[in-house]
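Only heavy atoms go into these numbers, but all of them, side chains included; no hydrogens, no water, no symmetry mates. Each chain gets a letter, A, B and so on, in the order the sequences are listed, and its residues count up from 1.
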2 protein chains.
Amino acid sequence: MLENARGRKSSREKILDAAAELVSEIGAGRLTLDAVAERAGLSKGGLLYNFPSKEALLQAMIRRMIDQVTESREALRPQLKPGPNLEARLATTTLLNMCCDGKMQEIATGLMVATAENPRLLDPVREVISETLQRIKSDSDDDAALLGWLAVEGLSNLEMHNLSPFSDQDRERIVQAINRLLTKGIAS
Amino acid sequence: MLENARGRKSSREKILDAAAELVSEIGAGRLTLDAVAERAGLSKGGLLYNFPSKEALLQAMIRRMIDQVTESREALRPQLKPGPNLEARLATTTLLNMCCDGKMQEIATGLMVATAENPRLLDPVREVISETLQRIKSDSDDDAALLGWLAVEGLSNLEMHNLSPFSDQDRERIVQAINRLLTKGIAS
DNA sequence: GCAACTAAACCGTCCGGTCGGTATATAAAT
DNA sequence: ATTTATATACCGACCGGACGGTTTAGTTGC
């Protein structure tokens, strides 16, 4: 559904791409409709034709970002071997993979805009997180799964805001440690 | 230094308090000088007398928030018994305690404003985080310390944005699990 | 007499949103 | 076949309000 019949990206997609790019370049508080329109290659009128208000645009950004995470997770599912903490491993691996693509940037920017403009825009995110917690709880035996998930949340949050102090080696070690935690648990 | 000679809060403090309150009420993107002045109980002129620009106000918010975290940590230091992962235990406990006070809100709001208005405002935060990592590394034997710290980062980030899906019992269990992780490590 | 304001008008810019108009395509009416 | 109508997708000038910041003239308390 990302492309219309002619194989060209729809205006909606171009606009969402442009908005995500812009936020990561100039910051969430400086996102303007004019800038988005220019970047997307259409007029402000055209932009507002596709999204009747700035709020509608932001909602769409959040929605797309959520859908992408869900898609990635489900695409990953068949590649992981079943076992304990499967849902936690899925959730963490998905997030960690997205940090490496540019996609994480988009998640970050969406969240930043939402936080800046209108905290209510985060409602759908709240829902997804709550659902993820349920999934993780549903097939985890101890608290290691929760800790691993939280650690990934922490790491990705740092990376979102360009606050991560970790070198590549650091990060690699951390990822492995999280995997160990999810498969072996906390020492007793 | 929070109060002036007469025991009354200085205008600067009142202004910073007002700004933090406002952000958590109306969102980072809607913070205006007029609103801050009104909430702080002085005129716009008075506000701009204390902070010559909005940017200066935001910088001061970030600075105060960093100082509060550092102070809290050092106040906690004599109360923890020495041992492995002391720095990690300090860092995590400090953050977790602040989540319970209202103080966490202030940290959150500061970060939100900074992210929204001007990513450069996060520079001092980046520095503090980097320094914290060094501290944690300096006295930890394995990766458990890093994981515990990251988990707390994740938890507090969720709580900052009111995204935490955890009940009080959940949270309690998680805190205990983090402590176990920091004292006993990952199973081998 | 200086620091720390108050009060209120004002300026310039930015920005979300409106609105009249346009181009193209497809369909309906004659 | 030609006109007329309708829908879609878009353009871009413009409006009005918000907001950061300035200025000015005065006030209060040490």
Next item on the list: Could you tell me whether the side chain of B:Arg63 reaches within less than 4.5 Å of the side chain of B:Gln68, counting heavy atoms only?
Entry: no

Next item on the list: With sequence neighbours excluded, tell me which residues meet salt bridge (charged side-chain N to carboxylate O under 4.0 Å, His left out) with A:Asp139.
Entry: none

Checklist line | Short N-O contact, B:Asp17 and B:Arg39, less than 4.0 angstrom | finding: no

Check: Are any side-chain N or O atoms of B:Ser130 and backbone N or O atoms of B:Glu127, one a donor and one an acceptor, separated by less than 3.5 Å?
Finding: no

Note to self: At a heavy-atom distance below 4.0 Å, what parts of residues 36-46 of chain A sit against DNA chain D?
What the structure shows: A:Leu42, A:Ser43, A:Gly45, A:Gly46

Check: For the pair made of CD1 in A:Ile15 and C1' in D:dA9, what is the distance, rounded to whole Å?
Finding: 11 Å

Note to self: What is the separation between atom CD1 on B:Ile26 and atom C1' on D:dA18, rounded to the nearest whole Å?
What the structure shows: 13 Å

Check: Under the 3.5 angstrom rule, does the side chain of A:Asn85 hit a backbone N or O of A:Leu182 as a donor-acceptor pair?
Finding: yes

Margin query: Going by salt bridge (charged side-chain N to carboxylate O under 4.0 Å, His left out), name the pairs with one or both residues in residues 50-59 of chain A, residues two or more places apart or in two chains.
Written below: A:Lys54-A:Glu117

Note to self: If you define the side chain from C-beta out and look only at heavy atoms, does anything of B:Asn118 sit under 4.5 Å from B:Leu58?
What the structure shows: no

Checklist line | Nearest-0.5 Å distance, CH2 of residue B:Trp149 to OG1 of residue B:Thr132 | finding: 6.0 Å

Next item on the list: Could you list by number each residue of residues 47-59 of chain B showing a heavy-atom separation from DNA chain C of less than 4.0 Å, or answer none if no residue does?
Entry: B:Tyr49, B:Asn50

Item checked: Side chain B:Thr93, main chain B:Leu90, donor-acceptor under 3.5 Å -> no

Margin query: Under 4.0 Å from a heavy atom of chain B: give me the 5'-most and 3'-most nucleotides of DNA chain C that qualify.
Written below: C:dA3 to C:dT6

Next item on the list: For B:Asp34 and D:dC19, give me the distance from atom CG to atom P, rounded to whole Å.
Entry: 7 Å

Item checked: Listed once per pair and sorted, the salt bridge (charged side-chain N to carboxylate O under 4.0 Å, His left out) pairs that draw on residues 177-188 of chain B, sequence neighbours left out -> A:Asp143-B:Arg180

